[in-house]
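Here is the structure we will look at.
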Amino acid sequence: MELFGTDGVRGKAGELLTGHLVLNLGYYAGLELAAAPDQVVLIGQDSRHSGPMLTAALTAGLNSAGLEVWQLGLCPTPTVAFLTATLPQAIAGIMVSASHNPPPDNGIKFFDREGIKLSPTVQAQISAALQAQTPWQSPQRWGKTRTRPDLLAAYQTAVVNSLDRGLPGFKVVLDTAWGAASEIAPQVFQQLGAEVICLHDRPDGDLINVDCGSTNLAKLAIAVQEHGAALGLGFDGDADRVLAVDELGQSVNGDYILYLWGKQLLEQQRLPDQAIVTTVMANLGFEQAWQKLGGQMFRTAVGDQYVHAQMLKSGAMLGGEQSGHVLCRHYGVSGDGLMTAIHLAALVQDQAPLSKLVEQSFRPFPQSLINVRVENLQKRSQWQNCESVMAVINQAEMDLGDRGRVLVRASGTEPLIRVMVEAEDLELVNLWSDRLVTAVKVNLT
């Protein structure tokens with residue numbers, strides 16, 4: 001079984017992610033990560049009810065491998081990445097979260113000592129060790145466990161200090177999705193002087209990501225208009241991504257956030273080679289507009305680890321995904337929804353209403369993204385072997401030519417086949433979306 005997906009190990013708590021599996025994962029990961037005594041692994045978690053159980057299992061496994069564990073408690077994923085990269089004792093960080101997934105799911109995200117997601121090579125080594133199930137050996141010295149929520153203040157200070165100005169009088173609505181940003185996001189904006197209205201701002205494992213936050217911006221849009229706010233910001237459950245709502249209640253996705261922040265950095269001559277990194281999901285309208293600015297765009301597979309790897313390879317300082325996962329290496333080591341949020345707010349306050357900035361940026365090609373649930377793991381992972389589905393894809397690509405594109409892929413975080421069609425003409429988008437989705441449903445479900 002392929003244990004690691006595009007963003008760590010993810011599945012339903014109690015089914016894939018059992019206490020037994022995670023205990024062993026902690027132990028064998030500890031053996032792979034440990035290099036010397038007195039080394040520390042940081043663990044944070046979002047608000048899911050299964051979080052404490054999984055954290056306890058990971059901690060026991062890591063302690064059994066001789067590693068000390070510092071439990072951070074409730075915090076955003078980028079907090080773990082930041083602290084792992086800045087604390088000299090830390091050799092790794094782990095976030096217990098399923099990000100934007102529904103409450104029954106959970107996940108384990110690993111970071112290396114530089115705050116970067118573990119490489120595929122190290123992930124494969126951990127998977128191999130876990131599946132080999134070599135007998136446990138008692139360490140020369142058992143690892144200790146400490147509770148360290150006091151460390152979160154350093155991350156909050158770093159986020160606030162990344163902005164060289166405040167946000168005095170800026171009215172903003174924050175939807176923290178009952179998740180990891182529930183406490184820290186309002187505090188950061190208030191510390192910067194903003195007027196803050198909050199939605200879903202308590203940690204709640206029953207409601208995390210349910211019809212709120214970045215997965216559903218409808219309530220945020222209503223609140224922005226009701227309060228006359230300049231901006232609405234919707235986080236996902238672990239706050240490594242954010243999407244926006246403009247002052248008119250219109251949704252603004254990660255392509256626009258990347259374009260606007262990228263244009264500002266470009267004008268400040270802070271983007272080496274005018275480069276930006278995004279994924280195959282980014283809209284063609286975005287790419288064409290960015291090229292008109294004199295910029296170049298690198299595309300990667302979907303997943304922030306691939307975006308980050310390309311950024312390091314190319315020297316790019318800004319990258320991200322249409323889903324709102326944005327990384328700016330000027331300010332952080334990982335995708336950071338809160339960092340992105342305050343910089344977008346400052347940009348809007350300095351320049352113009354967000355609706356106007358979006359209107360002046362680019363016209364997106366019509367795009368459809370439909371998720372088809374495919375529970376059968378073998379069919380989902382080997383969908384490209386289905387001749388009937390591949391035949392419809394080939395027909396679509398021949399028909400669209402240079403007028404559009406098709407992208408079908410298995411999700412690395414959920415039991416879904418994602419079908420994306422993009423074209424100059426909406427009728428073409430709808431036509432081929434329907435045919436492709438039907439082909440997936442008939443042949444794979």
Side-chain angles (χ1 to χ4, degrees), residues 6 214 217 241 243-244 246 250-266 271 273-304 306-308 310-311 314 316 318-327 335 340 344 354-372 390 392-411 416-437 440:
T6 57
S214 66
L217 298 172
R241 66 176 70 181
L243 293 177
D246 68 21
Q250 302 171 127
S251 300
V252 178
N253 67 27
D255 283 353
Y256 286 108
I257 294 172
L258 272 172
Y259 177 88
L260 294 173
W261 200 359
K263 184 171 182 288
Q264 181 187 52
L265 293 171
L266 194 65
L271 286 188
D273 299 321
Q274 297 78 48
I276 200 168
V277 178
T278 187
T279 75
V280 291
M281 295 299 296
N283 195 279
L284 283 172
F286 170 25
E287 182 174 17
Q288 292 176 359
W290 185 248
Q291 290 171 343
K292 286 181 180 178
L293 293 177
Q296 61 174 324
M297 178 180 288
F298 297 99
R299 288 182 183 262
T300 73
V302 174
D304 67 289
Y306 304 115
V307 172
H308 195 189
Q310 180 61 44
M311 290 175 70
S314 64
L318 182 67
E321 301 183 84
Q322 190 180 72
S323 60
H325 200 138
V326 177
L327 166 60
T340 302
L344 179 63
L354 184 55
S355 64
K356 188 172 184 64
L357 293 174
V358 167
E359 182 183 347
Q360 295 171 345
S361 58
F362 63 87
R363 177 180 175 274
F365 278 40
Q367 186 183 82
S368 170
L369 175 61
I370 301 174
N371 296 319
V372 183
M390 295 304 297
V392 180
I393 292 174
N394 291 334
Q395 291 170 6
E397 290 176 340
M398 289 180 61
D399 182 54
L400 291 173
D402 58 4
R403 297 177 298 164
R405 63 195 181 104
V406 170
L407 178 65
V408 178
R409 67 181 185 88
S411 170
L416 303 172
I417 296 291
R418 304 192 192 276
V419 177
M420 190 275 282
V421 180
E422 186 176 84
E424 295 177 338
D425 185 271
L426 182 58
E427 290 185 5
L428 282 173
V429 170
N430 292 335
L431 171 68
W432 287 111
S433 293
D434 290 344
R435 291 186 181 179
L436 285 162
V437 167
V440 171

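- Of all non-hydrogen atoms in Gly319 and Met311, the two that sit nearest each other are N-CE, 3.6 Å.
- Here the straight-line distance linking atom CG of Leu369 with atom OG of Ser323 works out to 10.5 Å at 0.5 Å rounding.
- The minimum heavy-atom distance linking Val429 with Ser433 is given by the pair O-OG, 2.7 Å.
- Here Tyr259 contributes atom OH and Leu266 contributes atom CG; the two are 9.0 Å apart, rounded to the nearest 0.5 Å.
- The two residues Ser251 and Leu217 make their nearest non-hydrogen contact at OG-CD1, 3.6 Å.
- Residues Glu422 and Asn283 bring a donor and an acceptor atom of their side chains to less than 3.5 Å of each other.
- The backbone N or O of Gly303 sits less than 3.5 Å from a side-chain atom of Glu321, completing a donor-acceptor pair.
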* Go through the steps for Leu318 and Leu265 under the test side chain to side chain contact (heavy atoms under 4.5 Å, CB included), then give the verdict. => CA-CA 9 Å; Leu318 182 67; Leu265 293 171; 4.1 Å; yes
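- Between Ile417 and Val408, the closest side-chain pair of non-hydrogen atoms falls below 4.5 Å.
- To the nearest 0.5 Å, the span separating CG on Leu258 from NE2 on His325 amounts to 11.0 Å.
- Using a 4.5 Å cut-off on side-chain heavy atoms (C-beta onward), Tyr256 and Ser361 make contact.
- A donor-acceptor pair under 3.5 Å is formed between the side chain of Arg299 and the backbone N or O of Ala282.
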* To do: Go through Leu293 and Gln274 one step at a time and tell me if the side chain to side chain contact (heavy atoms under 4.5 Å, CB included) criterion holds.
  => CA-CA 9 Å; Leu293 293 177; Gln274 297 78 48; over 6 Å; no
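- In this structure the side chain of Glu424 reaches within 4.5 angstrom of the side chain of Phe365, judged on heavy atoms.
- Leu428 CG to Ser368 OG: the interatomic distance, rounded to the nearest 0.5 Å, is 12.5 Å.
- The backbone N or O of Gln395 sits nowhere less than 3.5 Å from a side-chain atom of Asp399 that would complete a donor-acceptor pair.
- Between Gln360 and Lys263 there is no side-chain heavy-atom pair separated by less than 4.5 Å.
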* Mind running side chain to side chain contact (heavy atoms under 4.5 Å, CB included) on Ile276 and Phe298 for me, showing each step along the way? => CA-CA 6 Å; Ile276 200 168; Phe298 297 99; over 6 Å; no
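- For the residue pair Gln250 and Asp246, the shortest heavy atom distance occurs at NE2-OD2, 2.6 Å.
- Contact check on Glu397 versus Arg405 returns no salt bridge, with no Lys/Arg side-chain nitrogen under 4.0 Å from an Asp/Glu carboxylate oxygen.
- For the residue pair Arg418 and Ser411, a side-chain donor N or O sits within less than 3.5 Å of a side-chain acceptor on the partner.
- Put simply, the side chain of Asp273 reaches to within 4.5 Å of the side chain of Gln296, judged on heavy atoms.
- For the atom pair CD of Gln264 and CG of Leu357, the computed distance is 10.0 Å after rounding to the nearest 0.5 Å.
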* To do: Could you please spell out the steps behind the side chain to side chain contact (heavy atoms under 4.5 Å, CB included) verdict for Val307 and Leu327?
  => CA-CA 9 Å; Val307 172; Leu327 166 60; 5.8 Å; no
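- Nearest heavy atoms, Leu243 versus Gln322: CD2-O, 3.9 Å.
- Summarising the geometry of Thr279 relative to Ala301, their closest heavy-atom pair is CG2-O, 3.7 Å, with the distance given to 0.1 Å.
- Within the 4.5 Å cutoff, the side chain of Val280 has heavy atoms near those of the Val302 side chain.
- The shortest side-chain heavy-atom distance between Met420 and Val406 does not fall under the 4.5 Å cut-off.
- Once rounded to the nearest 0.5 Å, the distance linking OG1 of Thr300 with CE of Met281 reads 11.5 Å.
- The closest side-chain heavy-atom distance from Val252 to Leu354 is below 4.5 Å.
- The aromatic rings of Phe286 and Phe362 lie parallel to each other, with less than 30° between the two planes, well short of the 60° mark.
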